Amino acid sequence: SEEYADFMVDEGNILNAITAITGACYFNLVGNTYNVYVPISNLPRNTIQLYGYGAYPNLYGLLDINSFELSGINRIQSIPALGLRGQGVLIGLVDSGIDYLHEAFRREDGTSKIYSIWDQTIDSEGLQPQRFQYGTEYTQSQINQALVAENPLSVVPTKDEIGHGTFLAGIAAGNRKEEEKFSGIVPDAEIVAVKLKPAKQFLRDFWRIPDGAVAFQKNDFIMGLQYLVQVARQVNRPISISIAGGNEGNTGHHYLGEIINGKVSDLVELNVGPGVSGFTMEFWGQTPTNFSIDIQTPTGEYIPRIPPGIKESRDIGLIFEPTRINVDYQLVESQSGDQLILVR
């Protein structure tokens, strides 16, 4: 429900405080971390200072895809004695879903190579996966029924509107097509797919995600991974789950600076492109040193230094530009122990 805010909170005083809010509900997510749902209308003001930066699930977008030939997989796959084609292995996919109608995921007899799909966006009473409270699980037998039906989507209505998950699944375990000179990395493997639900507007607003941008929540990711492991354990089969990293490369989205003896400040310039409706920037400093920021806008408007303080929070409205800036200090961020200045 868009009327509820999602939080991820560890056991302790903060969990006790947030779950005491009228209408709050929660369950154990992983380890000592809990998923907490709170009616937005009952949230106190300035929740980041009350519950901390780590309570807000991060949001993630889509990643670029490159050919797997450069990795040397083709050479390994072509050694017959090894037979590394994924026999008996499940491939786990947590993404935008999968187009189960695509021929890349059908065996020669027409049946599906997809073992199951958990679509978090479709709520069907009583059809959620075991241990999970939302979405709908579609089994391989249901998918096979859909494939022979006159209207497959009336039997299994899950779709991949974005296409990103389908593309990844094809690279991982798509059928070998000699005429198209294409093969998935492990074409004999079966696929377990999770279609993530879109991030809630409450979190999109907090992280300043622009309208139209694809974004998924960290807690939905974690539950998707738990579902993959649960399926693998139920059928006693190995499962492969890959993550992508380093796609930003040297695009300049990060900056590292050091204020040494004899130097009192470091200048960091942030270029915001035209049409950008919002952004988030994080400054992390190693303890025990405290640091603070001041801000100068492109038109020259100056915001004097905001001194570090416990639960320091500012909502700044610019005079010469249609912009608001939120600055929140966390002198000791609970998860890392370092100082954080969050600028939105």
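Everything numeric here is computed off the predicted structure, so don't read it as measured data.
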Student: Show your working on side chain to side chain contact (heavy atoms under 4.5 Å, CB included) between L196 and V94 and close with a plain yes or no.
Tutor: CA-CA 7 Å; L196 293 164; V94 183; 3.6 Å; yes
Student: Under a single-linkage definition using a 4.5 Å side-chain heavy-atom cutoff for Ile, Leu, Val, Met, Phe, Trp and Tyr, are L342 and F291 assigned to the same hydrophobic cluster?
Tutor: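 No, L342 does not connect to F291 through the hydrophobic network.
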Student: What residues join F320 in its hydrophobic cluster, counting side-chain heavy atom gaps under 4.5 Å, either direct or through other members?
Tutor: I319
Student: Would you say I239 and I91 make side-chain contact, with heavy atoms under 4.5 Å?
Tutor: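 Sidechains of I91 and I239: no contact.
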Student: Under the rule for salt bridge (Lys or Arg N to Asp or Glu O under 4.0 Å), what residues qualify as partners of K200, not counting sequence neighbours?
Tutor: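 Partners of K200 by the salt bridge (Lys or Arg N to Asp or Glu O under 4.0 Å) criterion, ordered by chain and then number, come out as D6.
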Student: The criterion is salt bridge (Lys or Arg N to Asp or Glu O under 4.0 Å); which residues satisfy it with E282, sequence neighbours excluded?
Tutor: none
Student: Verify side-chain hydrogen bond (donor to acceptor under 3.5 Å, both in side chains) between D220 and Y60, making sure each step is shown before the conclusion.
Tutor: CA-CA 11 Å; D220 288 327; Y60 301 96; over 6 Å; no
Student: For the residue pair V38 and F7, establish whether any side-chain heavy-atom pair is separated by less than 4.5 Å.
Tutor: yes
Student: I want to check something: taking the side chain as every heavy atom from C-beta on, are T136 and W118 in contact at a cut-off of under 4.5 Å?
Tutor: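 When only atoms from C-beta onward are counted, W118 and T136 do not touch, as no gap falls below 4.5 Å.
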Student: For E2 and Q201, indicate whether the former's side chain and the latter's backbone hold a donor-acceptor pair under 3.5 Å.
Tutor: yes
Student: Determine the minimum heavy-atom distance between A5 and I40, stating which atoms define it.
Tutor: N-CG1, 3.6 Å
Student: Looking at Q133, I want to see if its CD is surrounded by more than 12 non-hydrogen atoms of other residues, nucleotides or ligands under 6.0 Å.
Tutor: yes
Student: Of all the heavy-atom pairs spanning F105 and T166, show the shortest one and how long it is.
Tutor: CZ-O, 3.7 Å
Student: Kindly determine whether D160 and I98 satisfy side chain to side chain contact (heavy atoms under 4.5 Å, CB included), including the steps that lead there.
Tutor: CA-CA 5 Å; D160 180 8; I98 187 169; 5.5 Å; no
Student: Does the side chain of S313 come under 3.5 Å of the side chain of D328 through a donor N or O and an acceptor N or O?
Tutor: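 Distance-only check passes for S313 and D328.
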Student: In terms of the angle between their ring planes, are Y56 and F202 parallel, tilted or perpendicular, with boundaries placed at 30° and 60°?
Tutor: parallel
Student: Atom CD of residue position Q286 - does it have more than 12 heavy atoms of other residues, nucleotides or ligands inside 6.0 Å?
Tutor: no
Student: At their closest point, which heavy atom of Y4 faces which heavy atom of G23, and how far apart are they?
Tutor: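 In this case the closest contact between Y4 and G23 is CE2-O, 3.7 Å.
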Student: With a 4.5 Å cut-off on side-chain heavy-atom distances among I, L, V, M, F, W and Y, is there a chain of contacts connecting F216 to L29?
Tutor: yes
Student: Checking R324 against D315 for the salt bridge (Lys or Arg N to Asp or Glu O under 4.0 Å) test, could you report, in this order, the C-alpha distance in whole Å, the side-chain angles of both residues, the deciding distance, and whether it holds?
Tutor: CA-CA 7 Å; R324 299 198 71 83; D315 182 4; 3.2 Å; yes
Student: Among L225, L93, L228, V231, find the one that has a side-chain contact (heavy atoms from CB on, under 4.5 Å) with V194.
Tutor: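 Output: one option passes, namely L228.
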Student: Salt bridge (Lys or Arg N to Asp or Glu O under 4.0 Å): which pairs involve residues 143-156, sequence neighbours left out?
Tutor: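 Not a single pair qualifies under salt bridge (Lys or Arg N to Asp or Glu O under 4.0 Å).
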Student: Measure the CZ-CG distance between R208 and L203 for me, rounded to the nearest 0.5 Å.
Tutor: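 Here the rounded value is 12.0 Å.
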Student: Do Y227 and F132 touch side chain to side chain, with heavy atoms closer than 4.5 Å?
Tutor: yes
Student: Take E321 and T299, measure what side-chain hydrogen bond (donor to acceptor under 3.5 Å, both in side chains) needs, and give me the verdict at the end.
Tutor: CA-CA 8 Å; E321 299 177 60; T299 57; 2.7 Å; yes
Student: Restricting to pairs with a member in residues 113-140, which pass salt bridge (Lys or Arg N to Asp or Glu O under 4.0 Å), not counting sequence neighbours?
Tutor: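 Qualifying pairs, neighbours excluded: none.
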Student: Is it the case that more than 12 heavy atoms not belonging to Q234 sit under 6.0 Å from its CD atom?
Tutor: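 Yes, the 6.0 Å shell around CD holds more than 12 heavy atoms from other groups.
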Student: For a quick test of reading the model, state the closest non-hydrogen atom pair linking P44 to Y51 and the distance between them.
Tutor: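 Nearest heavy atoms, P44 then Y51: CG-OH, 3.5 Å.
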Student: Between F279 and R344, is there a cation-pi geometry (under 6.0 Å to ring centre, at most 45° from the normal)?
Tutor: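 No, R344 does not sit over the ring of F279.
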Student: Apply side chain to side chain contact (heavy atoms under 4.5 Å, CB included) to Q296 and list each qualifying residue two or more places apart in sequence or on a separate chain.
Tutor: Y302
Student: Taking everything shown except D109 itself, do over 12 heavy atoms lie less than 6.0 Å from its CG?
Tutor: yes
Student: For a 4.5 angstrom cut-off between non-hydrogen side-chain atoms, does L90 reach S240?
Tutor: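 Side-chain contact under 4.5 Å: no.
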Student: Can you tell me if CG on D294 sees more than 12 non-hydrogen neighbours from other groups inside 6.0 Å?
Tutor: yes
Student: What are the two closest non-hydrogen atoms of G337 and V332, and how far apart are they?
Tutor: O-CG1, 3.8 Å
